Amino acid sequence: MDLEIKIIKNESPKAKPQDETSLGFGKIFTDHMFVVEYTVGKGWHDARIQPYGPLAIDPASPVLHYAQEIFEGLKVYRRADGGLQMFRPLENAMRMNRSAERICMPTLDAEFQVKAMKTLVEIEEAWVPSQPGTSLYLRPTMIAHGAELGVHPAKKYLYFIICSPAGSYYKNGMAPVKIHIEDRYVRAVKGGIGAAKTGGNYAASLKATFEAADRGFDQVLWLDGRENKYVEEVGAMNMMFVLDGKLVTAPTGGSILPGITRKSILQLAQHKGMEVEERPISVHELLDAYAAGKLTEAFGTGTAAVISPVGLLEYQGQEMHLSDGKIGPIAKEMYDTLVGIQKGAIEDPFGWIEKIS
Ligand code: PLP
Ligand code: COI
């Protein structure tokens, strides 16, 4: 797809954050955003980079009433030589298109999406932080707009990309997280929209997460929606367990997000000679393995969360304390290699890196 990207410069740029060690996640936004519009009968049109700012949409827009919305998340890293690179952006663009198909939205050529990301990052180059653990987080998003309240796919769409300099997703950085295994609320069921990166899944997760937070937990681990028995994923990350020396994770059966970090860690672990398994894992298997000393580590994987070690898993009052509340050896090795590749400190043998400069 060859759509020209018009550039409208922001004449009033903001001050950049002074302290890169306290960026947190998703709080600061850069000076520009990418926007492209879609109209049924016309296709994609008016691609542009414009000053970051509010969008004007009709209050009757389907995104506001029926949540016809999808998004992505990926990061741009600054190498030690000052150059910039992205991690597997085409994977995000292709997942965006799979989400689009599930929510009846138009797809946008994946290579064009990557071109848009690169063009935007070239303009926002000075916003990419360099401290360890920092990156520029990109949030491609698509919303349905126009004025119509009938429940059917919209006729107008906006695809946009915003950028946010980011540090650690969890407030305590790499400190192991405490996770409640949720047995009352469910996030997704097979045949539903759990595998799509769409806003409704996150709205559905809020109540359980806030109730767990009141009891001192950082996140909830969802069980499958049919039997309430098999572990699925956490709000913003996939879960991996070290069970009897093997790296085990739930299969992508339609109710969890097929994480790009998940896929990369499975490949990395195999590359390092570790045995990996993608299969249903019941919560009782975890409890039994823990009692037998065979559940030695658990960690989450995600773009925002990177590798997030789990220090405590709790199910119906039963507690599984892992890795002495520290980062376990497998999680540490995966973190060091993944971040090393992402930041350019380690050679990328997999073709995951897309250089920008
Ligand atoms: N699961 C959910 C629900 C997520 O929101 C995310 C984050 O994108 C992930 C898993 C991890 O996916 P990825 O590794 O592609 O970021
Ligand atoms: C990401 O890791 O990119 C995500 O989208 C997680 C987000 C919901 C905070």
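One-based numbering, in listed order, for ligands and for the atoms of each. Note that the numbering runs from 1 along the sequence shown for the chain. The shown structure was predicted, so the numbers you read here are calculated from the model rather than taken from an experiment.
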Worksheet item: Yes or no on side-chain contact (heavy atoms from CB on, under 4.5 Å) for Met240 and Val248, after CA distance, side-chain angles and deciding distance?
Response: CA-CA 6 Å; Met240 307 233 163; Val248 188; over 6 Å; no
Show the distances, to 0.1 Å, for all pairs joining an N/O atom of ligand 1 and a protein N/O atom that are shorter than 3.5 Å, listing one pair per line.
{"residue": "ligand 1", "atom": "1 (N)", "partner": "Glu233", "partner atom": "OE1", "Å": "2.5"}
{"residue": "ligand 1", "atom": "5 (O)", "partner": "Lys197", "partner atom": "NZ", "Å": "3.1"}
{"residue": "ligand 1", "atom": "5 (O)", "partner": "Tyr202", "partner atom": "OH", "Å": "2.5"}
{"residue": "ligand 1", "atom": "8 (O)", "partner": "Lys197", "partner atom": "NZ", "Å": "2.8"}
{"residue": "ligand 1", "atom": "14 (O)", "partner": "Ile260", "partner atom": "N", "Å": "3.3"}
{"residue": "ligand 1", "atom": "14 (O)", "partner": "Thr261", "partner atom": "N", "Å": "2.9"}
{"residue": "ligand 1", "atom": "14 (O)", "partner": "Thr261", "partner atom": "OG1", "Å": "2.5"}
{"residue": "ligand 1", "atom": "15 (O)", "partner": "Arg95", "partner atom": "NH1", "Å": "2.8"}
{"residue": "ligand 1", "atom": "15 (O)", "partner": "Arg95", "partner atom": "NH2", "Å": "3.1"}
{"residue": "ligand 1", "atom": "15 (O)", "partner": "Ile260", "partner atom": "N", "Å": "2.7"}
{"residue": "ligand 1", "atom": "16 (O)", "partner": "Thr303", "partner atom": "N", "Å": "2.8"}
{"residue": "ligand 1", "atom": "16 (O)", "partner": "Thr303", "partner atom": "OG1", "Å": "2.6"}

Worksheet item: Excluding sequence neighbours, so at least two apart, what forms salt bridge (Lys or Arg N to Asp or Glu O under 4.0 Å) with Glu125?
Response: Arg78
Worksheet item: Do any N or O atoms from the side chain of Asp224 and from the backbone of Val189 form a donor-acceptor pair under 3.5 angstrom?
Response: no
Worksheet item: Are the side chain of Ser357 and the backbone of Gly83 linked by a donor-acceptor contact shorter than 3.5 Å?
Response: no
Worksheet entry | Ser282 (side chain) donor-acceptor with Tyr230 (main chain) under 3.5 angstrom | no
Discussion item. Once you measure the plane-to-plane angle for Phe217 and His180, does it fall in the parallel (<30°), tilted (30-60°) or perpendicular (>60°) bin?
Written reply: tilted
Worksheet entry | pair Met96-Asn92: side-chain heavy atoms closer than 4.5 Å | no
Tabulated below should be the N or O atoms of ligand 2 paired with protein N or O atoms at under 3.5 Å; can you produce that?
{"residue": "ligand 2", "atom": "2 (O)", "partner": "Ala304", "partner atom": "N", "Å": "2.8"}
{"residue": "ligand 2", "atom": "3 (O)", "partner": "Tyr137", "partner atom": "OH", "Å": "2.6"}
{"residue": "ligand 2", "atom": "5 (O)", "partner": "Tyr137", "partner atom": "OH", "Å": "3.3"}
{"residue": "ligand 2", "atom": "5 (O)", "partner": "Lys197", "partner atom": "NZ", "Å": "2.7"}

Fill in: By side chain to side chain contact (heavy atoms under 4.5 Å, CB included) - contacts of Pro153 (at least two apart)
Gln68, Cys104, Tyr157
Worksheet item: Does the side chain of Ile193 reach to within under 4.5 Å of the side chain of Asn201, using non-hydrogen atoms?
Response: yes
